[in-house]
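In what follows, a structure is listed as structure tokens, so that the remarks can point back to it.
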Amino acid sequence: MESIILFDYDTMRHIWWLLLGVLLIAFAIMDGADLGVAMLLPLVTKTDAERRVLYNVIGPTWEGNQVWLITAGGVIFAAWPLLYAMSFSGFYLAMMLLLVALILRPVAIKYRSKLESEKWRKNWDITWCLTGLVAALVFGVAIGNVMLGVPFRFDPDTLRPIYEGSFFGLFHPFALLCGLLSIAMLLLQGTTVLSWKTDARIAQAAQRWAVWSGLAVIALFVIAGVWITTGISGYLMDASQLTANDVSNPLAMGKSVNVEAGAWMSVYSVTPLAWITPAVGIAVTALAILLVKRKPLLAVLMSSLSIAAIIFTFGFSTYPFLLPSSLDPSSSLTIYDASASHLTLWVMLLVTIVFLPLIIAYTSWVFRVMRGKVTPETVNDAPHAY
């Protein structure tokens, strides 16, 4: 069976590392717009008719957009089982908080307009807004904790993951900064989408908030970079003694991990071209701010590229780590020792080659069918509108 696999084990690991990044970026862009629109509800609307517009901007697509999160979770489970076991057990309470937010979101969307009661609708509006805020914050805090290192280790006899942190320990100031950056990114995505899909007062309010959220993205991104350079210890791995294409074992002999100040910046010294990624992130964010009034669809594209560049910056900075351990650095999970088997990665790649284009084609078709502005008039004329 191994003879039909075109790529060696380490190449397959790198392919799935990139695919995981692509799926997380797709989720952040697609469903991130929905979360951003939810957070914008009290900022860009004044009347019940305007609030219904926001629900119906994301109404036709939000369910499909969640496919990217489900797919990314499935990839972590199947391609990176040790990462799945450690992150989902260690971040259990945070994951539950995220899950509650993601469960309440569709309930708010579906039930908000079931009654004419002003109090009923107001309560669901608050719930919808909070689900977007909580989800965006949790995602950012999780990324921040990966860069800080997570307090876990593996039992040397059974490879059972042991987490020794606490829920409140996740909210380190740097992790909260990453949470704020996540909120600002998704707010920018939401404002550009509203500028594109709505008109009149809602679009104008969204354009104003696009400026503030875009400036916040740039400022928080730069502050995070300076903090990582000067005040956050990173991880470095000496993989010279690892055997190429070896089986996954986070406690493999020959793996040496050091914790050093500013280590997350080492990739930029070794590969200066890596600076292109954060530079592009800042540049396209600025372009989104400049284009949001005149070319809103292009602003959506620039905001999406901003999300992609920032996430890729995180990925390149932490390479080859998936989940570093602050408790026992040698237990840190990397792309070389946390993957599923060679055959599993190959079969998954074949499945992905078939189904990923189908997901992209279906998503594109839905957006084409539902093209056009959403206004109070179009909402009132649609019998199945939210």
Side-chain angles (χ1 to χ4, degrees), residues 22 24-41 43-45 50-68 132 136 182-218 221 279-312 357 359-379 382 385-386:
V22 168
L24 291 175
I25 287 169
F27 166 70
I29 290 172
M30 303 301 293
D31 206 35
D34 302 336
L35 298 175
V37 169
M39 289 187 284
L40 287 164
L41 184 71
L43 303 177
V44 301
T45 63
E50 290 178 342
R51 286 187 279 274
R52 286 193 68 196
V53 167
L54 264 63
Y55 280 91
N56 286 278
V57 165
I58 60 96
T61 57
W62 71 267
E63 290 175 292
N65 290 340
Q66 285 198 140
V67 168
W68 297 105
S182 174
I183 291 171
M185 287 167 52
L186 301 192
L187 277 174
L188 178 61
Q189 186 74 351
T191 57
T192 57
V193 168
L194 288 180
S195 181
W196 169 44
K197 293 290 290 183
T198 65
D199 60 12
R201 206 195 69 79
I202 296 177
Q204 294 170 3
Q207 290 161 6
R208 290 193 296 271
W209 280 103
V211 175
W212 290 110
S213 57
L215 291 175
V217 169
I218 295 173
F221 188 42
V280 167
I282 294 173
V284 294
T285 303
L287 284 174
I289 296 172
L290 296 174
L291 293 169
V292 69
K293 291 184 178 180
R294 296 183 179 180
K295 301 287 184 179
L297 180 55
L298 195 55
V300 174
L301 176 60
M302 293 298 106
S303 176
S304 300
L305 289 175
S306 169
I307 291 173
I310 290 172
I311 293 177
F312 268 128
I359 295 174
I360 295 172
Y362 171 75
T363 302
S364 302
W365 177 77
V366 170
F367 273 90
R368 176 172 174 78
V369 171
M370 305 307 298
R371 65 188 182 276
K373 300 284 188 180
V374 181
T375 67
E377 292 73 26
T378 61
V379 170
Y386 291 109

Pairs of donor and acceptor atoms involving the side chains of residues 280-289, under 3.5 Å and at least two apart or interchain, shall be tabulated with distances.
{"from": "Thr285", "atom 1": "OG1", "to": "Gly281", "atom 2": "O", "distance (Å)": "2.6"}
{"from": "Thr285", "atom 1": "OG1", "to": "Ser306", "atom 2": "OG", "distance (Å)": "2.6"}

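- Partners of Ser304 under the side-chain contact (heavy atoms from CB on, under 4.5 Å) rule, at least two apart in sequence or in another chain, are Ile29, Gln189, Val300.
- Pairing each heavy atom of Ile183 with each of Ala136, the nearest pair is CG1-CB, 3.9 Å.
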Please determine whether side chain to side chain contact (heavy atoms under 4.5 Å, CB included) holds for the pair Leu187 and Trp209, giving the CA-CA distance in whole Å, both sets of side-chain angles, and the decisive distance to 0.1 Å. CA-CA 8 Å; Leu187 277 174; Trp209 280 103; over 6 Å; no
Would Asn56 and Thr378 count as a side chain to side chain contact (heavy atoms under 4.5 Å, CB included) here? Give the steps. CA-CA 10 Å; Asn56 286 278; Thr378 61; over 6 Å; no
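- Of all heavy-atom pairs between Asn65 and Phe27, the closest is O-CD1, 4.3 Å.
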Going through the checks in order, is the side chain to side chain contact (heavy atoms under 4.5 Å, CB included) test met by Phe367 and Thr61? CA-CA 8 Å; Phe367 273 90; Thr61 57; 3.9 Å; yes
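- Inter-residue side-chain proximity for Thr45 and Leu54 is flagged as met; some heavy-atom pair is nearer than 4.5 Å.
- Here the shortest heavy-atom pairing between Val44 and Ala206 reads CG1-N, 3.9 Å.
- Counting heavy atoms from C-beta outward, Thr375 and Val53 have side chains that stay 4.5 Å or more apart.
- Note: Leu298 CG to Leu291 CG = 5.0 Å, rounded to the nearest 0.5 Å.
- Side-chain contact check for Thr191 versus Trp212: every heavy-atom pair is 4.5 Å or farther apart.
- Rounded to the nearest 0.5 Å, atoms CH2 (Trp68) and CD1 (Ile25) are 11.5 Å apart.
- Here CG of Leu297 is found 10.0 Å from CE of Met302. Values are rounded to the nearest 0.5 Å.
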